[in-house]
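For reference, the structure is listed below as structure tokens.
Counting from 1, the numbers follow the sequence of the chain as shown.
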Amino acid sequence: EIAGMTASAKDLRRQSLDFDYAMRQLGGEDQMAANVAAAKLAEGGDAARMVLRKAVREQEEPIAARAATLLANGNDAKGAPVILRRFLSGPASPIRPQLLSCLTRLTGVMPAAFYAPVYEYFKTEPESRKKDIVPLLGTVFHGPGRGDKAEFDKAMGEAGAYDNVRTFVQ
């Protein structure tokens, strides 16, 4: 039994190294290699999704953006908060539109608790940049992203979001 566990651990380690290598290829200049890596990560299951979430958190912008797209394409609920944190941490980042697109596609799987930080961020943005986040907020208020309505209402009510955001996105 121990030998089987050891072999399984070695396979998991090898797979993790393969996914780490594929993740680094996402931002490379060789588009064919990046596409092959993206396909490998998209089909890689839980281990690949863990590597992609780490890439969104820690990698440079081109890799983080491609990793976020792969997570959104796979409707990865655990990836939504990671993408949101990256979006909120980089107001001047050139990948913000791509991250926003990923978040908008993931609103159906995002827990309601993650909408309040979006609104808090929205309140601090200058008027000229609020338009960047309106698509996400519009999807939240008008689309399926509300999830558990009671939980959503509690989170947004505590953030004081209803009146201000509803007016802005209508």
Side-chain angles (χ1 to χ4, degrees), residues 4-122 125 129 132-141 143-148 151-152 155:
M5 289 174 55
T6 302
S8 179
K10 285 181 182 178
D11 286 344
L12 198 59
R13 175 73 175 145
R14 189 176 325 107
Q15 187 180 36
S16 177
L17 290 172
D18 286 347
F19 289 142
D20 280 342
Y21 178 77
M23 179 262 306
R24 288 190 301 277
Q25 296 299 306
L26 292 177
E29 304 229 350
D30 182 349
Q31 193 60 43
M32 184 179 289
N35 290 340
V36 169
K40 180 177 186 126
L41 289 163
E43 298 170 2
D46 290 338
R49 284 189 291 275
M50 287 176 25
V51 169
L52 289 168
R53 287 183 215 118
K54 181 179 177 184
V56 171
R57 274 192 310 272
E58 300 174 3
Q59 292 296 316
E60 62 262 5
E61 290 175 340
I63 294 173
R66 190 94 188 251
T69 298
L70 290 170
L71 291 170
N73 290 348
N75 284 324
D76 184 52
K78 292 180 182 176
V82 176
I83 296 168
L84 178 61
R85 280 187 218 103
R86 180 75 183 237
F87 177 84
L88 296 176
S89 71
S93 171
I95 65 169
R96 285 186 82 228
Q98 190 170 353
L99 295 176
L100 181 62
S101 172
C102 293
L103 288 169
T104 301
R105 292 192 334 243
L106 287 169
T107 55
V109 297
M110 284 176 68
F114 289 100
Y115 296 119
V118 172
Y119 178 67
E120 291 301 322
Y121 173 81
F122 180 80
E125 280 292 283
R129 291 218 322 234
D132 294 340
I133 199 169
V134 166
L136 175 60
L137 294 172
T139 302
V140 168
F141 280 98
R146 297 181 81 154
D148 177 2
E151 183 185 355
F152 178 84

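- Rounding to the nearest 0.5 angstrom, the gap separating the CG atom in Leu100 from the CZ atom in Phe87 is 5.0 Å.
- Annotation: the span from Leu52 atom CG to Met23 atom CE amounts to 8.5 Å, rounded to 0.5 Å.
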Item to complete: Test Asp76 against Val82 for side chain to side chain contact (heavy atoms under 4.5 Å, CB included), laying out the working first.
Response: CA-CA 10 Å; Asp76 184 52; Val82 176; over 6 Å; no

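- In this structure, Glu61 and Arg86 have side chains that are in contact, with non-hydrogen atoms separated by less than 4.5 Å.
- Note that CZ of Arg66 and CD1 of Ile95 are 13.5 Å apart. Values are rounded to the nearest 0.5 Å.
- Looking at Lys78 and Arg49, their side chains never come closer than 4.5 Å, going by heavy atoms from C-beta outward.
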Worksheet item: Under the side chain to side chain contact (heavy atoms under 4.5 Å, CB included) criterion, do Lys40 and Phe19 qualify, and how do the steps go?
Response: CA-CA 8 Å; Lys40 180 177 186 126; Phe19 289 142; 4.1 Å; yes

Worksheet entry | Criterion side chain to side chain contact (heavy atoms under 4.5 Å, CB included) on Leu84 and Leu106, from CA distance to verdict | CA-CA 10 Å; Leu84 178 61; Leu106 287 169; over 6 Å; no

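- In terms of heavy-atom proximity, Ala55 sits nearest to Ile63 at CB-CG2, 4.1 Å.
- Looking at Ser101, its side chain never comes within 3.5 Å of a backbone N or O of Pro97 through a donor-acceptor pair.
- A donor-acceptor pair under 3.5 Å links the side-chain atoms of Gln98 to the main chain of Ala65, judged by distance alone.
- Shortest non-hydrogen contact noted between Val56 and Ala64 is CG2-O, 3.7 Å.
- Between Asp20 and Lys54 no salt bridge is recorded (no basic side-chain N to carboxylate O distance below 4.0 Å).
- Judged purely by distance below 3.5 Å, without hydrogens or angles, the side chains of Asn75 and Arg105 never pair a donor atom with an acceptor atom.
- Taking the side chain as every heavy atom from C-beta outward, Cys102 and Leu71 never approach each other to under 4.5 Å.
- For Leu26 against Ala67, the heavy-atom pair with the smallest separation is CD1-N, 4.2 Å.
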